[in-house]
2 protein chains.
Amino acid sequence: MSDSQGEEVRGLALFATMGDVNFKALMRGTYVQNFPPRIDLIHENEPADFLHVVLSGAVDLFSQWNRRETSMATVRPVSTFILAASISDLPYLMSARTLEKSRIALIPSQDVRRMFAADTAFATAIAAELANSYRTVVKNTKDLKLRTSLERLANYLLRQSRTRGAPDFDLTTEKKRLASFLGMTPENLSRAFRALEPHGVKVEGSHITITDPQGLARYAKPNPLIDDYST
Amino acid sequence: MSDSQGEEVRGLALFATMGDVNFKALMRGTYVQNFPPRIDLIHENEPADFLHVVLSGAVDLFSQWNRRETSMATVRPVSTFILAASISDLPYLMSARTLEKSRIALIPSQDVRRMFAADTAFATAIAAELANSYRTVVKNTKDLKLRTSLERLANYLLRQSRTRGAPDFDLTTEKKRLASFLGMTPENLSRAFRALEPHGVKVEGSHITITDPQGLARYAKPNPLIDDYST
DNA sequence: ATCGATGCTTGATTATTATCAATTTCAGAT
DNA sequence: ATCTGAAATTGATAATAATCAAGCATCGAT
């Protein structure tokens, strides 16, 4: 891979602290590929041969069982996915497909494991990243088990508004996939948007305006131990 | 703590590979406490001062939001809990209470973090443990999002039967808490047991007999990427 | 500009799950 | 052995969510 692409990867917390020689060695086996939209990158149950880094575009992580499918997460630049499978040398638990045209760096898992053993700073960063991933999924589970779908949507909108720093914004994802991520059907998401209107939400296509942030927060009851992704 | 208690901890994969001197140092700040049943050990949002190791008894990890409560996991000997919070120096996401009389070792998080930096084998073991925890929660999320409560119960019973190696067994947990863990109410769990009878499940109090393992499996459609906790 | 495919919305219906209320069962304390 | 309180069960009802069936909107390709 080129040096400029290497810089993008190097900027990630996961790779920022490791030794220069080690990073270069890791990049030697790495290659970058361009993918069109809606391309399957990996399929659950396959061996985790590569750690993936999304450099541009967006990737959906999803799972299937018994002809049902659910969206687990969306990965946006610049971040990695399936580190846990990669480091444990175990099969992927989730599938991944591009949502848009995307540039992905593929780092051989073997190299990641070798470097983990060789570079203490890298090992520390990996543990931090794994701990963070773990906590994110735990928060997600709490969201699913403790809230109704309407409450999940309300809190999702508050989170979006907060991370964008504005009371109005465009949804970054199709409503269909948002529904799946929130654990509901597209039909119910549509009705849920309607049901949030009296709580201060206006929907015009994919543009959302939170007309009454306090009112919405009163209904949603956001909680840092579920909704704060930074801790 | 005493040497015999130290041995129990040392037997855990997390502590098995680290250097002897380092392990002894880690145990120096560790103390063991006995707790009666139904005692709150930690509360979510508190600082994670200690890594906990369940030596005997059983501990329930649970969470609350808006007057609702859900059981997230049961920790049985010998294993640790809340490693992620401990290593990241972040507040607990879950509360913990003893289910029975329990013996718990408390290892200061500071010492864990210091040893993580000092002992490569320990760092590796921590990363492996975190990766494993992450994958367990992901499987749990897939269970919740892709299956109905009846299907979750059916698969739970198959997992229990498999880990015990017998078609009949006693439930290790109160039905009330099992219901909460599976994301349903006690009333519905009761009805779900009844509904599984035609699929080959017999319930006598807390004793379960799977009278038709193939039939139950046909209904439950177990999948290693959800139900196999060993990978 | 038109077509076709897909996503989105709406209404009607069904399925699933929770809540409320009333017993019954069970285990621990006296 | 009896009492007591919590857990478990059962039935009735309500809330929540999924499914089925149209119809409308949007967008890219021709």
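Side chains are part of it too, since the values below use all heavy atoms of this structure and drop only hydrogens, waters and symmetry mates.
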Indicate for each nucleotide in nucleotides 23-30 of chain D, in 5' to 3' sequence, whether protein heavy atoms under 4.0 Å reach the base (B), only the sugar-phosphate (S), or nothing (-).
-> --------
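No N or O donor and acceptor, one from the side chain of R152(B) and one from the base of dT16(C), sit under 3.5 Å apart. Residue side chain E187(A) reaches the base of dC20(D) through a donor-acceptor N/O pair under 3.5 Å, judged by distance alone.
Between I208(B) atom CD1 and dA8(D) atom P the separation is 12 Å, expressed in whole Å. Rounded to an integer number of Å, the gap from CG of L144(A) to P of dA17(D) is 11 Å. When rounded to the nearest whole Å, the span between CZ of F193(A) and P of dT9(C) equals 8 Å. Rounded to whole angstrom, the span from the CZ atom of R177(A) across to the P atom of dG7(C) amounts to 9 Å. At whole-Å resolution of the value, CG in L189(B) and P in dT16(C) are 17 Å apart. The distance from atom CD of E151(B) to atom C1' of dT16(C) is 11 Å, rounded to the nearest whole Å. H207(B) has its NE2 atom 18 Å from the C1' atom of dA8(D), to the nearest Å. One atom, NZ of K176(B), and another, C1' of dT25(C), lie 16 Å apart when rounded to the nearest Å.
N188(A) has a side-chain polar atom (N or O) that falls below the 4.0 Å cut-off from OP1 or OP2 of dA18(D). Contact between the side-chain N/O atoms of S190(A) and the OP1/OP2 oxygens of dC8(C) is not found at any separation under 4.0 Å. Residue R194(B) places none of its side-chain N or O atoms closer than 4.0 Å to OP1 or OP2 of dT9(D). Note on T148(A): every side-chain N or O is 4.0 Å or more away from OP1 and OP2 of dT16(D). Neither OP1 nor OP2 of dA8(D) sits under 4.0 Å from any side-chain N or O of K175(B).
Under a 4.0 Å N-O distance rule, the pair E69(B)/R97(B) qualifies as a salt bridge. With respect to the salt-bridge test (charged N to carboxylate O, under 4.0 angstrom), the residues E174(A) and R38(A) qualify. Using a 4.0 Å cut-off between charged side-chain N and carboxylate O, E7(B) and R10(B) make no salt bridge. Under 4.0 Å is where a charged nitrogen must lie from a carboxylate oxygen, and between R103(B) and E8(B) at least one such pair does. Here K142(B) pairs with E44(A) in a salt bridge; the nearest charged N to carboxylate O distance falls below 4.0 Å. Ion pairing of D227(A) with K139(A) is absent here, as no side-chain N (NZ or NE/NH1/NH2) approaches a carboxylate O to less than 4.0 Å.
A heavy-atom distance below 4.5 Å is not found between the side chains of F50(A) and V112(A). Taking 4.5 Å as the limit, some side-chain heavy atom of M27(A) sits within range of a side-chain heavy atom of V9(A).
With distances taken from any side-chain atom of R38(B) to the nucleotides dC20(D), dA7(D), dC8(C), the minimum falls on dA7(D). Closest approach to the P186(A) side chain among dG11(D), dT9(C), dA17(D) is made by dT9(C) (side chain taken as heavy atoms from C-beta onward). Side-chain atoms of M184(A) lie closest to dA18(D) of the nucleotides dC8(C), dA18(D), dT19(C). Distance from the side chain of E174(B) is smallest to dA7(D) among dA18(D), dT17(C), dA7(D). Listed nucleotides dT17(C), dT19(C), dA7(D) differ in distance to S149(B); the shortest reach to its side chain belongs to dT17(C).
Using a 4.0 Å heavy-atom criterion, one finds that T185(A) contacts the bases of the nucleic acid, with or without backbone contacts as well.
The backbone N or O of E151(A) lies less than 3.5 Å from a partner atom in the side chain of T148(A), making a donor-acceptor pair.
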Close N or O pairs between protein and nucleotides 27-30 of chain C (under 3.5 Å):
none

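Side-chain contact annotation: T70(B) with K145(A), donor-acceptor N/O pair under 3.5 Å present.
For K176(B) and F181(B), the positive end is not near the middle of the six-membered ring at less than 6.0 Å and at most 45° from its axis.
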